[in-house]
Amino acid sequence: MKTTITGGAGFIGSHLVEHLLAAGDEVTVLDNLSTGRLENLRSVIGHRKFHFVEGDILDKSAVDKVVSGSDRVFHLAAAVGVNLIVEHPLESLRTNIHGTEVVLDSVLEAGASLLLASTSEIYGKNASDSLSEEADRILGSALKSRWTYAAAKGIDEAFAHAYWREFGLRVAIVRLFNTVGPRQTGRYGMVVPRLVKQALTGQPLTVYGDGKQTRCFSYVGDIVPAITRISAESSAYGNAYNLGGSYEISILTLAERIVELLGSKSDISLVPYEQAYAEGYEDMRRRVPDNSKARQLVGFDPKTTLDEIIKNVAAEQRPPKTGDPVQWKVTMAIN
Ligand code: NAD
């Protein structure tokens with residue numbers, strides 16, 4: 001199988017690269033290294049079936065070159081992270097809307113199949129008990145750049161669906177809910193790596209708002225195999241699948257758990273949203289997935305616990321020293 005991964009030098013993409021090479025695929029990554037890093041691909045550089053192309057998904061000829069001859073494409077390249085989106089709204093919109101359109105066209109021309117990475121953000125402020133794929137989307141003002149990520153990913157899904165319906169493009173969509181694990185960076189607003197780093201360096205853990213907002217975190221080692229299986233199911237074409245963790249936790253409790261688990265002496269400090277982001281920032285109180293559609297299709301059943309996730313993130317940020325009482329090991333599921 002010849003596979004192309006856009007955004008393959010990023011957090012999730014680099015784990016997907018390793019997973020697919022282990023399965024025997026020939027893998028080509030197209031990435032502009034904006035938030036991704038070659039360092040993420042350290043374990044595969046030099047592999048005879050691995051190829052890396054530095055390029056932008058906005059550049060149609062670059063995308064055509066890597067996609068032609070591919071059997072399947074995973075489209076993960078995107079501007080990701082609240083900080084990045086709020087600070088660079090225009091560039092983010094271009095990447096997340098026009099970039100996806102370019103990829104869709106190239107994949108169609110190449111006759112390949114496509115897996116599109118979407119997000120739970122598209123549900124916006126819908127705080128239902130568990131969000132099914134048909135749930136309503138409740139977004140804030142179109143003038144608040146905070147919502148442009150959700151808006152753009154929603155358009156991407158609509159584009160993908162229309163390419164499937166009108167041109168027969170073999171495309172499936174996954175909606176990822178707060179995926180976490182080693183190589184994720186806290187720089188662009190991702191909460192777990194940021195809090196772990198603060199705990200390990202003795203800084204106060206900064207929790208935004210009242211900290212009672214809840215999320216369901218899932219481990220990249222559970223998500224990558226599920227994405228791969230969904231991409232291989234012809235009944236998935238034209239459909240979207242939630243992929244998220246099943247354990248709901250408030251961000252304040254998460255911070256407390258991180259402090260306790262890592263034996264940190266850090267305090268926890270509540271920071272008003274206006275201080276953390278621009279004025280008028282809106283957060284979601286709750287984000288709980290209904291995973292039953294993916295469970296039915298590919299047996300999706302995330303097993304990694306939150307404690308294991310925290311330990312693995314910490315293990316990467318603080319490689320164990322000799323004599324360290326806790327010798328943590330980064331573990332990744334391969335199948
Ligand atoms: P990431 O930032 O680590 O990965 C994105 C990658 O895309 C990076 O390597 C970056 O350099 C690359 N990229 C960005 N713009 C590009 C462009 N114009 N051309 C080529 N490459 C470009 O983020 P991630 O968390 O690994 O996210 C991967 C995908 O999963 C994204 O589509 C994201 O929207 C989706 N997603 C992630 C999460 C999560 O919790 N991590 C949740 C929902 C959805």
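Every number for a ligand or one of its atoms is a count from 1 in the order of the listing. Just so you know, residue 1 is the first one in the sequence shown, and it goes up from there.
Side-chain contact between Lys197 and Gln203: absent, with no pair of heavy atoms (C-beta onward) separated by less than 4.5 Å. Considering only heavy atoms from C-beta on, Ile57 comes within 4.5 Å of His75 through its side chain.
The nearest non-hydrogen atom to atom 40 (O) of ligand 1, considering only Asn96, Thr179, Leu33, comes from Thr179. In this comparison of Phe11, Phe217, Tyr149, Phe74, the heavy atom closest to atom 36 (N) of ligand 1 sits on Tyr149. Distances from atom 22 (C) of ligand 1 to the heavy atoms of Asn32, Ile227, Leu41 show the closest one on Asn32.
Checking Ser145 against Thr148 by side-chain atom types alone, no donor-acceptor pair falls below 3.5 Å. Between Ser14 and Asn40, the side chains place no donor N or O within less than 3.5 Å of an acceptor N or O (distance only, hydrogens not considered). Arg175 and Ser118 form no side-chain donor-acceptor contact under 3.5 Å, judged by distance and modelled atom types alone. Using a 3.5 Å distance cut-off with no hydrogens or angles, the side chains of Thr305 and Asp307 do not pair a donor with an acceptor.
For ligand 1, the atoms lying closer than 4.0 Å to a non-hydrogen atom of Gly10 are 3 (O), 4 (O), 8 (C), 9 (O). Per-residue contacts place Asn178 under 4.0 angstrom from the following atoms of ligand 1 (heavy atoms of the residue considered): 40 (O). Taking every heavy atom of Gly7 and a limit of under 4.0 angstrom, the matching atoms of ligand 1 come to 6 (C), 7 (O), 9 (O), 12 (C).
At a heavy-atom cutoff of 4.0 Å, ligand 1 is contacted by the backbone of Ser118 but not by its side chain. Under 4.0 Å from ligand 1, the heavy atoms of Lys153 that appear belong solely to its side chain. Here Arg37 has no heavy atoms under 4.0 Å from ligand 1, in either its backbone or its side chain. Counting heavy atoms closer than 4.0 Å to ligand 1, residue Leu176 contributes atoms from both its backbone and its side chain. Looking at Ile12 against ligand 1, both its backbone and its side chain come within 4.0 Å, counting heavy atoms.
Not a single heavy atom of Gly99 lies less than 4.0 angstrom from ligand 1. Under a 4.0 Å heavy-atom criterion, Ser14 is not in contact with ligand 1. At a 4.0 Å cut-off, at least one heavy atom of Gln184 sits close enough to ligand 1 to count as contact.
Judged by the 6.0 Å and 45° rule, Arg229 forms no cation-pi pair with Tyr241.
Scanning the protein for heavy atoms near atom 18 (N) of ligand 1, the closest one is Asp56 OD1, 2.9 Å.
For the atom pair CD1 (Ile251) and OG1 (Thr206), the distance works out to 11.5 Å, reported to the nearest 0.5 Å. The CZ atom of Phe167 lies 10.0 Å from the CG atom of Leu104; values are rounded to the nearest 0.5 Å. The line from CD1 of Ile227 to CZ of Phe300 is 9.0 Å long, rounded to the nearest 0.5 Å.
Aromatic ring pairs are classed by plane angle as parallel below 30°, tilted from 30° to 60° and perpendicular above 60°; the pair Phe159 and Tyr163 is perpendicular.
The shortest N or O to N or O distance between His75 and ligand 1 is not under 3.5 Å. The N/O atoms of Leu58, backbone and side chain alike, include none that comes under 3.5 Å of an N/O atom in ligand 1.
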